[in-house]
Amino acid sequence: MGIQDIIEGKKQWRAHLARVKALPRDYQIVYKEMQRYLFKVGPVDLVGGTLLSGIVDFFEEGVAAGKGVLELIGNDVAAFCDDLIKDSPTYADIFQESISQRRTSGA
């Protein structure tokens, strides 16, 4: 990864954060909780993927439709996030797999 890639990544992240800040306050709060949860759970494609920007797209559509954030995701942020990443490998999955492989290989 070169310096240009780092600079471009920062520009994209700042633009993403600007979109989040443009959302109504209740959406921002829920987004930050979702982000915190997803960073903790650690889907492998979180940083380079489209998951977070997809959430912002979804929220922007909800705002445009006049819906409250809980109308979109329900009352359980973690369950909503788990459903979003149910088919995505997480770092916890990779770690668990490596432990299982060590046990079966006798290492």
Side-chain angles (χ1 to χ4, degrees):
M1 175 180 278
I3 189 76
Q4 288 300 96
D5 295 330
I6 294 170
I7 292 169
E8 184 59 33
K10 284 187 174 195
K11 285 180 185 177
Q12 290 174 358
W13 183 248
R14 285 187 195 119
H16 174 79
L17 292 178
R19 289 178 62 203
V20 172
K21 288 180 181 178
L23 293 169
R25 186 78 181 130
D26 56 337
Y27 277 84
Q28 290 180 40
I29 291 167
V30 171
Y31 173 84
K32 288 177 185 177
E33 288 301 314
M34 292 174 74
Q35 181 184 36
R36 186 175 299 121
Y37 180 81
L38 291 168
F39 281 164
K40 189 184 307 181
V41 173
V44 175
D45 63 350
L46 180 63
V47 176
T50 59
L51 181 61
L52 293 176
S53 62
I55 292 169
V56 176
D57 292 341
F58 180 61
F59 281 5
E60 288 171 340
E61 290 171 12
V63 170
K67 294 184 178 182
V69 68
L70 296 181
E71 287 180 77
L72 296 177
I73 69 161
N75 292 323
D76 190 340
V77 172
F80 183 82
C81 290
D82 287 342
D83 192 46
L84 286 177
I85 62 170
K86 67 182 174 211
D87 297 325
S88 301
T90 64
Y91 289 109
D93 295 335
I94 293 170
F95 179 71
Q96 189 64 42
E97 187 177 307
S98 73
I99 290 173
S100 298
Q101 288 176 353
R102 286 183 189 163
R103 288 183 183 154
T104 59
S105 69

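Keep in mind the model is a prediction, meaning the values are calculated, not measured. What's counted below: heavy atoms across the whole structure, side chains too, no hydrogens, waters or symmetry copies.
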Task: Note, Ile7 side chain near Lys10 side chain (heavy atom, < 4.5 Å) - done: no
Open item on the list: Please check if the number of heavy atoms outside Phe95 that lie under 6.0 Å from its CZ is greater than 12.
Closed with: no
- [ ] Would you sort out whether Ile55 and Leu38 count as a side-chain contact (heavy atoms from CB on, under 4.5 Å), showing the intermediate values?
- [x] CA-CA 12 Å; Ile55 292 169; Leu38 291 168; 3.9 Å; yes
Task: Smallest separation among heavy atoms of Gln28 and Lys21, with atom names - done: NE2-O, 3.1 Å
TODO: Of all the heavy-atom pairs spanning Gly62 and Leu72, show the shortest one and how long it is.
DONE: CA-CD1, 3.7 Å
Task: Phe39 side, atom CZ; Leu52 side, atom CG - distance, nearest 0.5 Å - done: 5.5 Å
Open item on the list: Measuring from atom CG of Leu51 to atom SG of Cys81, what distance do you get when rounded to the nearest 0.5 angstrom?
Closed with: 8.0 Å
TODO: To the nearest 0.5 Å, tell me how far Ser53 OG sits from Gln12 CD.
DONE: 9.5 Å
Open item on the list: A side-chain contact here means heavy atoms from C-beta on lying under 4.5 Å apart; do Val63 and Pro24 qualify?
Closed with: yes
Open item on the list: Name the residue from Asn75, Val30, Leu70, Ile73 that meets the side chain to side chain contact (heavy atoms under 4.5 Å, CB included) definition with Phe80.
Closed with: Ile73
Open item on the list: Quick check on the hydrophobic clustering: are Tyr31 and Ile29 connected, directly or via other members, by side-chain heavy-atom contacts under 4.5 Å?
Closed with: no
Open item on the list: Is the ring pair Tyr27/Phe59 parallel, tilted or perpendicular, if the boundaries are 30 and 60 degrees?
Closed with: perpendicular
Task: For Val20 against Val56, the heavy-atom pair lying closest together - done: CG2-CG2, 3.7 Å
- [ ] Output the distance between atom NZ (Lys32) and atom CG (Leu23), rounded to the nearest 0.5 Å.
- [x] 10.5 Å
Task: From His16 atom NE2 to Gln35 atom CD, the distance as rounded to the nearest 0.5 Å - done: 6.0 Å
